[in-house]
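Note sheet for the following structure.
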2 protein chains.
Amino acid sequence: MPQNDPLQIQDFLPYLLNRAAEATSLDFQKAYKDRYGMLRTEWRVLFHLGRYGDLTAKQICTMADLHKTKVSRAVAALQDKRFLERTEVPADRRNELLALTKLGQSAFDHLHQEATRYNETLLASFSPADQEALQRCLKQMANIP
Amino acid sequence: MPQNDPLQIQDFLPYLLNRAAEATSLDFQKAYKDRYGMLRTEWRVLFHLGRYGDLTAKQICTMADLHKTKVSRAVAALQDKRFLERTEVPADRRNELLALTKLGQSAFDHLHQEATRYNETLLASFSPADQEALQRCLKQMANIP
DNA sequence: CATTGATAGTTACAAATGCAACAAATATCC
DNA sequence: GGATATTTGTTGCATTTGTAACTATCAATG
């Protein structure tokens, strides 16, 4: 049984994933930070509402695996910026349904387009087989179906 | 030219990478957080010193792509916990060479073993081809040679 | 060698995060 | 139907991070 070389830091997946995540996130941040004054979590929440329709905060927590505190503050910030509105759900007044405003919708439309373009550019440098392997492995590690 | 489906959040690489990075990092954190009281950046710095020998803070900044502030604080914390010592470099007194203590070395030995095991377990669920594709794509996105 | 500029590292302050405690509404169980 | 538990969401406080300003040392240029 051969003794392998000692693990290098750049082969340690949590490290490698963090570096790749930070590099790409900081890169894409250029699309929303200055223009819309959003933070990363706000952009994530906006994406969910724009792409998947009106949701409650709890639903976003579950879908995005975000802590309710983080979502609560992102929602408040998006509301301050007039990107979304809350409407009470009479059936269960603990819930508040979150919906994008016209402004929020147009920001989403633009950013979703940018995200699509960015993603395509990133993926374009990999072979189709690599793209497929990458997505499959990442989803498994992230516990995403 | 076919119009693809609108991009899903779980196919957006910065998001997917962040989720995978968080999931694996939180998982591996179990190895060092309670037992050694380290934060993620401290563990990273420890790894560099243990794996690559004595380094200056600046060298760690460059290698790990970390801001000097973060490294400065991680080094101070590791020093407080007696995991490393600083020695002045007479040739250039701006530099301080960082070296693990016996305690730091033994923590590294243990954690490096844990990291190796953790990494192997993670990778074991992927085919060799997938493993190779994953590492290649991640390194490219992270700008790591 | 004196002035200016660059580099290594620290610190101060503001912003963001995590965690626990909290309030309000609903569900459960006797 | 009333006590208790659970769920949704917010708030307060401590910790962590990011940014910019700072100190100290060295390099370069006249």
Side-chain angles (χ1 to χ4, degrees), chain A residues 18-19 21-23 25-27 29-30 32-34 36-46 48-49 54-81 84-99, chain B residues 18-19 21-23 25-27 29-30 32-34 36-46 48-49 54-81 84-99:
Chain A
N18 265 291
R19 295 253 338 228
E22 271 316 294
S25 294
L26 288 177
D27 202 15
Q29 177 179 13
K30 290 202 269 285
Y32 57 82
K33 188 181 179 186
D34 289 342
Y36 298 105
M38 281 184 218
L39 300 176
R40 204 180 294 179
T41 310
E42 296 168 38
W43 152 235
R44 275 205 203 178
V45 168
L46 184 91
H48 278 83
L49 292 173
D54 303 352
L55 302 165
T56 68
K58 171 66 178 171
Q59 287 175 304
I60 298 176
C61 291
T62 305
M63 295 171 82
D65 191 32
L66 285 171
H67 195 273
K68 58 185 179 172
T69 305
K70 233 172 156 179
V71 172
S72 171
R73 291 193 264 236
V75 166
L78 288 170
Q79 190 182 27
D80 276 356
K81 291 167 199 140
L84 66 75
E85 280 170 348
R86 316 159 109 121
T87 58
E88 281 195 1
V89 178
D92 185 341
R93 297 204 340 269
R94 289 172 302 184
N95 289 307
E96 286 179 320
L97 209 56
L98 307 169
Chain B
N18 266 291
R19 296 255 336 229
E22 271 317 293
S25 294
L26 287 177
D27 203 13
Q29 171 176 292
K30 291 202 269 285
Y32 58 81
K33 188 180 179 186
D34 290 341
Y36 298 105
M38 283 184 218
L39 300 177
R40 202 180 296 180
T41 311
E42 296 168 36
W43 153 236
R44 275 205 203 179
V45 168
L46 184 91
H48 278 83
L49 291 172
D54 304 352
L55 301 165
T56 67
K58 172 64 179 171
Q59 287 175 305
I60 298 176
C61 290
T62 306
M63 294 171 82
D65 193 30
L66 286 170
H67 195 272
K68 57 185 180 173
T69 304
K70 235 174 157 178
V71 172
S72 171
R73 291 194 264 232
V75 166
L78 288 170
Q79 190 183 28
D80 276 355
K81 292 167 198 141
L84 65 74
E85 281 171 345
R86 317 158 108 120
T87 58
E88 281 196 0
V89 178
D92 184 341
R93 298 206 337 269
R94 287 172 304 183
N95 288 305
E96 286 179 319
L97 209 55
L98 306 170

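Here the structure is a predicted model, which is why all the values come from computation and not from measurement. Every chain is numbered from 1 and lettered A, B, ... according to where its sequence line falls, protein lines coming before strand lines. Both backbone and side-chain heavy atoms feed into the values below; hydrogens, waters and symmetry mates do not.
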Rounded interatomic separation in angstrom, taking [atom1] from [X] and [atom2] from [N]:
{"X": "A/E88", "N": "D/dT8", "atom1": "CD", "atom2": "P", "answer": "16 Å"}
{"X": "A/R94", "N": "D/dT8", "atom1": "CZ", "atom2": "P", "answer": "6 Å"}
{"X": "B/N95", "N": "C/dT7", "atom1": "CG", "atom2": "P", "answer": "13 Å"}
{"X": "B/L26", "N": "C/dC19", "atom1": "CG", "atom2": "C1'", "answer": "14 Å"}
{"X": "B/E42", "N": "D/dT17", "atom1": "CD", "atom2": "C1'", "answer": "13 Å"}
{"X": "A/M38", "N": "C/dA16", "atom1": "CE", "atom2": "P", "answer": "14 Å"}
{"X": "B/R40", "N": "C/dT17", "atom1": "CZ", "atom2": "P", "answer": "13 Å"}
{"X": "A/I60", "N": "D/dT7", "atom1": "CD1", "atom2": "C1'", "answer": "17 Å"}

Original post:
With B/R19, which residues qualify under salt bridge (charged side-chain N to carboxylate O under 4.0 Å, His left out), at least two apart?
Top reply: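 Once residues adjacent in sequence are excluded, B/R19 has no partner under the salt bridge (charged side-chain N to carboxylate O under 4.0 Å, His left out) criterion.
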
Original post:
Does A/K58 have any salt bridge (charged side-chain N to carboxylate O under 4.0 Å, His left out) partners at least two apart in sequence or in another chain, and if so, which?
Top reply: none

Subject >> First of B/L97 and B/R73 reached from the 5' end of DNA chain C, by closest nucleotide >> reply: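 Result: B/L97.
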
Original post:
If each of A/H67 and A/E22 is mapped to the nucleotide of DNA chain D with the nearest heavy atom, which maps nearer the 5' terminus, i.e. the 5' end?
Top reply: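 Comparing both residues, the 5'-ward one is A/H67.
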
Original post:
Starting at the 5' end of DNA chain D and moving along, which residue's nearest nucleotide shows up first, A/R86 or A/K33?
Top reply: A/R86

Minimum-distance nucleotide to [X] side chain [options: [options]]:
{"X": "B/T69", "options": "D/dT8, D/dT17, D/dT19", "answer": "D/dT19"}
{"X": "B/E96", "options": "C/dT10, C/dT7, D/dG9", "answer": "C/dT10"}
{"X": "A/K70", "options": "C/dA8, C/dT26, C/dG18", "answer": "C/dG18"}

Original post:
Phosphate oxygens OP1/OP2 of D/dT25: is one of them under 4.0 Å from a side-chain N or O of B/R93?
Top reply: yes

Original post:
At under 4.0 Å, does any side-chain N or O of B/S72 touch on OP1 or OP2 of C/dG9?
Top reply: no

Original post:
More than 12 foreign heavy atoms under 6.0 Å from NZ of A/K81: is that the case here?
Top reply: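 Counting neighbours around NZ of A/K81, more than 12 heavy atoms of other residues, nucleotides or ligands fall under 6.0 Å, so yes.
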
Subject >> Test side-chain contact (heavy atoms from CB on, under 4.5 Å) applied to A/L26 and A/R40, step by step >> reply: CA-CA 9 Å; A/L26 288 177; A/R40 204 180 294 179; 4.2 Å; yes

**OP:** Quick one: label B/K68 by what it contacts on the DNA or RNA (base, sugar-phosphate, nothing), any heavy atom closer than 4.0 Å.
**Re:**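 Touches a base.
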
Original post:
To the nearest 0.5 Å, how far apart are CD1 in A/I60 and CZ in A/R44?
Top reply: 12.0 Å

